Protein chains: 2
Amino acid sequence: MNVKTICLAILTQGETTGYDIRKRSTEGDYAYFMEASFGSIYPALSKLEEEAYVTSRTVAQEGKPSKRVYKITPTGREFFINSLYDELNDDVFRSEFLLFLRFVEDLPRSLVEKRVNERIAKCNDAIENVKKLEEEFTKPSERWVLNFGQHCMRSARQYLIDNKQEIIALAKQEDVPARAAE
Amino acid sequence: MNVKTICLAILTQGETTGYDIRKRSTEGDYAYFMEASFGSIYPALSKLEEEAYVTSRTVAQEGKPSKRVYKITPTGREFFINSLYDELNDDVFRSEFLLFLRFVEDLPRSLVEKRVNERIAKCNDAIENVKKLEEEFTKPSERWVLNFGQHCMRSARQYLIDNKQEIIALAKQEDVPARAAE
DNA sequence: TCCGTCATATATAGAGTTGATATATATCGA
DNA sequence: TCGATATATATCAACTCTATATATGACGGA
């Protein structure tokens with residue numbers, strides 16, 4: 001799945017701008033399973049316009065820079081829907097947090113506790129964010145996907161809460177005696 | 001987290017080759033939270049050698065091509081452990097499957113059912129794979145991480161099983177009448 | 001025996017992507 | 001007034017992936 005496909009997917013649901021595509025893919029309703037940056041979105045939209053899968057027009061705005069609004073063409077829509085019949089690539093999960101945890105034996109206890117708590121806090125934020133999105137969405141498939149996401153995040157959070165003492169206990173004892181000797 | 005860091009992380013646990021780093025990051029014990037391809041691993045190892053974070057030697061093998069075995073230096077080890085004190089980047093999750101599911105209203109029921117079953121099968125494979133890995137690993141932090149991964153995968157699989165009929169029901173009815181009219 | 005496939009192993013080119021930065025306008029709060 | 005934040009487009013260097021090339025040997029089937 002490349003950025004062109006992501007753009008087409010979002011454009012299938014209505015006209016929008018490169019700025020908005022980026023926002024939705026990093027903070028909005030698409031953020032939990034895809035991402036794209038400006039450096040890939042703008043070139044992707046240009047290429048899609050060359051290929052006649054989208055058209056664009058410039059819209060002036062008061063108090064804001066004028067924006068370039070993209071719209072999917074019938075050809076583009078057809079191309080996108082057809083691509084949904086292709087074999088799906090595997091899900092990708094990457095976590096610096098889990099890499100970090102594999103080395104807790106070499107790290108001070110306070111640092112490990114801090115990072116685990118930060119991770120739990122991020123889970124909380126993400127769950128709250130999805131809850132808000134669910135209120136906005138009415139399309140049944142979108143709600144199903146958001147519920148699935150929320151379920152997975154709650155499950156991960158619960159595991160962290162239930163087992164955090166165990167992983168923290170594996171970390172190195174702090175050098176408390178050294179400081180006490182000062 | 002870049003590929004250089006992944007290489008150092010794996011090399012921290014013993015000497016190995018570029019080929020093996022790729023294998024472990026795509027199929028082995030690191031596969032569930034990171035990934036790297038040949039095109040990034042070999043250049044990364046070269047740069048790490050330039051920077052004196054690793055050394056290499058060529059080892060001839062019978063019945064196999066000779067291999068280049070890399071070893072982390074004390075400087076490299078120190079650099080890696082220090083980098084574990086840095087702020088952690090957010091976890092990344094990308095799923096073509098979830099993008100696909102947002103468009104089930106436009107897709108035939110048989111295709112949706114097929115893809116959901118494929119996803120459940122992949123979950124089963126992944127869970128079995130992690131179980132095997134857990135038998136091999138004795139380091140407590142590694143087991144904790146694998147258990148966490150297994151917990152998350154089981155939870156996702158259960159949600160898919162429990163709610164698959166609901167999402168399949170949202171898909172388009174097949175064009176059975178059209179075929180019957182032939 | 002020959003051929004294709006698979007596994008081991010290194011390497012690279014081209015395409016795609018990220019992360020950082022530049023530019024411009026406007027609002028909001030300190 | 002100054003910095004931060006938000007909207008909005010755009011680009012570039014560095015990085016990464018996908019696909020391919022090269023080489024060796026094992027294994028199985030035709």
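From a predicted model like this one, the values you see are computed outputs, not experimental measurements.
For dT18(C), the OP1/OP2 oxygens have a side-chain nitrogen or oxygen of S40(A) closer than 4.0 Å. The side chain of Y19(A) places an N or O atom within less than 4.0 Å of a non-bridging phosphate oxygen (OP1 or OP2) of dT7(D). Close to dT8(C), at under 4.0 Å from its OP1 or OP2, lies no side-chain N or O of Q61(B). Phosphate contact (OP1/OP2 of dT7(D), side-chain N/O of K23(A), threshold under 4.0 Å): present. Between K47(A) and dG16(C), a side-chain N or O to OP1/OP2 separation shorter than 4.0 Å is present.
Here G18(A) lies in heavy-atom contact (under 4.0 Å) with sugar-phosphate atoms only. Counting non-hydrogen atoms under 4.0 angstrom, A36(A) reaches the backbone sugars and phosphates but no base.
Between R94(B) and Y42(B), the residue anchored closer to the 5' end of DNA chain C is Y42(B), taking for each the nucleotide with the nearest heavy atom. Of the residues near DNA chain C, N2(A) and V69(B), the one whose nearest nucleotide (by heavy atom distance) lies more toward the 5' end is V69(B).
At whole-Å resolution of the value, CZ in R22(A) and P in dT7(D) are 11 Å apart. Residue F38(B) contributes atom CZ, which lies 8 Å from atom C1' of dT10(C) at whole-angstrom precision. What separates NZ of K67(A) from C1' of dA6(D) is a distance of 13 Å, to the nearest Å. Atom CD1 of I41(B) and atom P of dT12(C) are 14 Å apart (whole Å). Atom CZ in R57(A) sits roughly 13 Å away from atom P in dA8(D) (whole-Å rounding). Whole-Å rounding puts the M1(A) CE to dG16(C) C1' distance at 14 Å. Atoms CG (L45(A)) and P (dA8(D)) sit 14 Å apart, rounded to a whole Å. Between Y70(B) atom OH and dA11(C) atom C1' the separation is 11 Å, expressed in whole Å.
Seen from the ring of F103(B), K139(A) counts as a face-on cation partner, given the 6.0 Å and 45° thresholds.
Checking dT17(C), dT9(D), dT16(D) against every side-chain atom of V3(A), the shortest atom distance belongs to dT17(C). Among dA9(C), dC17(D), dA10(D), the nucleotide with an atom closest to any side-chain atom of P65(B) is dA9(C).
Between the R115(A) side chain and the Y85(B) main chain, a donor and an acceptor come within less than 3.5 Å of each other.
Ring geometry, F97(A) versus F100(A): the interplanar angle falls under 30°, so the pair is classed parallel (tilted spans 30 to 60°). Aromatic ring orientation, Y159(A) versus W144(B): perpendicular (interplanar angle above 60°, classes split at 30° and 60°).
Between the CZ atom in F80(B) and the OG1 atom in T75(B) there is a gap of 15.0 Å [rounded to 0.5 Å].
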